Amino acid sequence: MRLFLDTANVEHIRHGVRLGVITGVTTNPSLVSKEGNIDYKRHVQEICSIVPGPVSTEVLSQDASGMVVEAREVASWAENVVVKIPASLQGVEATYELAKEGVKVNFTLCFSVNQALLAALAGATFVSPFVGRLDDIGENGMRLVKEIVAVYKNYPDSIKTQVIAASIRHPQHCIEAAQAGAQISTVPYQVLMQMIQHPLTDIGIRRFLEDWNKVMGSTVLKSKVS
Ligand code: G3P
């Protein structure tokens with residue numbers, strides 16, 4: 001499973017890329033608005049120059065032709081732009097048109113297997129089931145990811161759409177997305193930071209240092225390390 005960062009924050013993206021584990025970014029209008037009153041085009045272009053893979057940016061139009069016009073414009077900003085199109089009927093039509101033109105679509109706000117099937121049939125490159133938002137209303141978001149992955153696997157020759165587990169809220173979601181076979185999880189920065197955390201690792205590092213220092217002294221350790 002690959003990891004994308006679900007943010008529009010440039011510093012967080014730089015850090016994720018520096019770690020070598022982040023290969024894409026997903027944004028949405030809510031995430032972009034957290035960055036303040038920015039120059040949207042320049043901001044997206046900056047993110048695209050930092051990230052070695054797809055950068056999803058969402059259209060705001062509600063009708064298919066408006067989505068297509070907006071998507072063409074956004075897709076021209078950088079080679080790695082992917083256009084997020086919502087899982088509506090208008091979105092299916094726009095996805096089909098854009099896919100024919102070679103514009104990559106991330107079919108977003110997906111909450112059912114049927115929406116994911118239509119995304120694949122229309123030619124979307126990615127589909128984004130929103131795990132956390134289904135959990136929020138008492139459903140099982142990860143079950144949807146599993147079901148989409150299983151259905152797509154039945155048609156390996158015709159369905160190439162990749163599943164992005166989105167609306168990830170905590171590290172357990174990442175584990176379950178990987179177990180479900182999602183090709184990608186897009187995670188908030190805070191979840192990325194949590195993924196490495198384990199109290200026994202911290203205790204272990206501290207204990208190794210204490211044991212070493214008792215015998216060798218801290219100056220010896222510093223000279224050995226440098
Ligand atoms: O990738 C989708 C994500 O941005 C939505 O997350 O936490 O707002 O449901 P959330």
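If you're wondering where the values come from, they're calculated on a predicted model, not measured in any experiment. As the structure lists them, so they are numbered: ligands from 1, and atoms in each ligand from 1.
Residues satisfying the side chain to side chain donor-acceptor pair (under 3.5 Å) criterion with D63, sequence neighbours excluded, are S65.
Residues lining ligand 1 at a heavy-atom distance below 4.0 Å are given as D6, N28, L31, F130, R133, A166, S167, R169, T186, ordered by chain and residue number.
Counting non-hydrogen atoms of other residues, nucleotides and ligands closer than 6.0 Å to NZ of K100 gives a total above 12.
Screening residues 196-205 for salt bridge (charged side-chain N to carboxylate O under 4.0 Å, His left out) gives no qualifying pairs among residues at least two apart or on separate chains.
T186 and T26 share a side-chain donor-acceptor pair at under 3.5 Å.
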Stepwise, does the ring-ring contact (aromatic ring centres under 6.0 Å, His included) test hold for F111 with F130?
CA-CA 6 Å; F111 293 100; F130 273 33; 5.8 Å; yes
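Hydrophobic clustering, defined by side-chain heavy atoms of Ile, Leu, Val, Met, Phe, Trp and Tyr closer than 4.5 Å, leaves L60 isolated from every other such residue.
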